[in-house]
Amino acid sequence: MDEIKFGEILLPGDEETQERQEKTVRARFWPTMRKAIRQLPFGRDVVAAYYCATDRQTPLRVRGILLAALGYFVLPFDTVPDVLALVGFTDDIAVLTTAFALINSHIREHHYEAADRALAYEPGVAAR
């Protein structure tokens, strides 16, 4: 996997970079989200951001910012290990909060509805 520098984490990147990031996010988002959801005070927003980032109607720049932030969330190597409960997610929360502040108006109601459906699934059942 390519090394991602912290200072570049919220840069949208070119289309090839975004496709690579989207592939990583799609593969790792649900396993990471299901482990973290009980610890995240804004888990619904993270899931809605996932749906916004994978929505082809979302502007390319916004998708890039979200994919970079979500990519950081699902990366196995972290500034602060996520196994340290809430403390481990502080860096993830900082990156995601910054991304949300930049693009919040692009997360639509249908993204939240999809998040609600995904979060309602029973453990072990794959989300779409």
Side-chain angles (χ1 to χ4, degrees):
M1 174 172 278
D2 295 332
E3 182 177 323
I4 298 176
K5 295 179 182 166
F6 188 75
E8 298 173 358
I9 201 72
L10 292 180
L11 296 178
D14 59 20
E15 197 165 340
E16 181 181 320
T17 300
Q18 285 189 21
E19 292 215 8
R20 191 173 57 252
Q21 288 173 332
E22 182 174 347
K23 183 178 179 182
T24 299
V25 168
R26 282 184 183 272
R28 297 185 179 169
F29 182 81
W30 289 112
T32 303
M33 188 64 206
R34 286 203 169 100
K35 285 193 304 189
I37 193 69
R38 292 186 181 108
Q39 299 175 30
L40 288 176
F42 56 93
R44 182 177 183 248
D45 294 313
V46 174
V47 178
Y50 168 83
Y51 284 109
C52 183
T54 57
D55 181 349
R56 298 293 182 207
Q57 299 301 310
T58 300
L60 193 61
R61 178 181 169 278
V62 172
R63 290 183 69 230
I65 290 170
L66 285 173
L67 288 170
L70 292 169
Y72 184 80
F73 177 68
V74 299
L75 284 175
F77 300 105
D78 222 331
T79 305
V80 180
D82 295 339
V83 296
L84 299 176
L86 271 181
V87 174
F89 285 104
T90 56
D91 58 327
D92 301 276
I93 291 169
V95 169
L96 290 166
T97 300
T98 301
F100 291 161
L102 293 171
I103 57 79
N104 192 38
S105 65
H106 292 279
I107 300 177
R108 308 281 185 230
E109 185 59 33
H110 67 275
H111 298 133
Y112 280 106
E113 290 168 358
D116 291 340
R117 284 190 304 275
L119 292 174
Y121 286 151
E122 293 296 319
V125 178
R128 294 194 274 165

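This one's a predicted model, so the numbers in the text were calculated from it and none came from an experiment.
Taking every heavy atom of both residues into account, Val46 and Leu70 meet most closely at CG1-CD2, 4.0 Å. Annotation for Ala99 and Ala69: closest pair CB-CB, 3.6 Å, computed over non-hydrogen atoms.
Pairs passing the salt bridge (charged side-chain N to carboxylate O under 4.0 Å, His left out) check and including a residue from residues 47-59, sequence neighbours excluded, read Glu22-Arg56.
Taking CZ of Arg20 as the reference point, atom CD of Gln18 lies at 10.5 Å (rounded to 0.5 Å). Within the model, atoms CG of Asp45 and CG of Asn104 stand 7.5 Å from one another, a figure rounded to the nearest 0.5 Å. A distance of 8.5 Å separates NE2 of His110 from CD of Glu113, quoted to the nearest 0.5 Å. Distance CD/Gln57 to SG/Cys52: 11.0 Å, rounded to 0.5 Å. Between Leu67 atom CG and Arg26 atom CZ the span is 9.0 Å, to the nearest 0.5 Å.
In terms of modelled atom types and a separation under 3.5 Å, the side chain of Arg63 and the main chain of Ala53 share a donor-acceptor contact. A donor-acceptor pair is defined here as one N or O able to donate and one able to accept, closer than 3.5 Å; no such pair exists between the side chain of Thr58 and the backbone of Thr54.
Within a 6.0 Å radius of CD in Glu109, more than 12 heavy atoms belonging to other residues, nucleotides or ligands are found.
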Can you list the steps and then say if Tyr112 with Val47 is a side chain to side chain contact (heavy atoms under 4.5 Å, CB included)? CA-CA 8 Å; Tyr112 280 106; Val47 178; over 6 Å; no
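With sequence neighbours excluded, the residues that form a side-chain contact (heavy atoms from CB on, under 4.5 Å) with Glu19 are Glu15. Partners of His106 according to the side chain to side chain donor-acceptor pair (under 3.5 Å) rule, which considers only residues two or more places apart in sequence or in another chain, do not exist here.
Ile107 places none of its side-chain heavy atoms less than 4.5 Å from the side chain of Tyr51.
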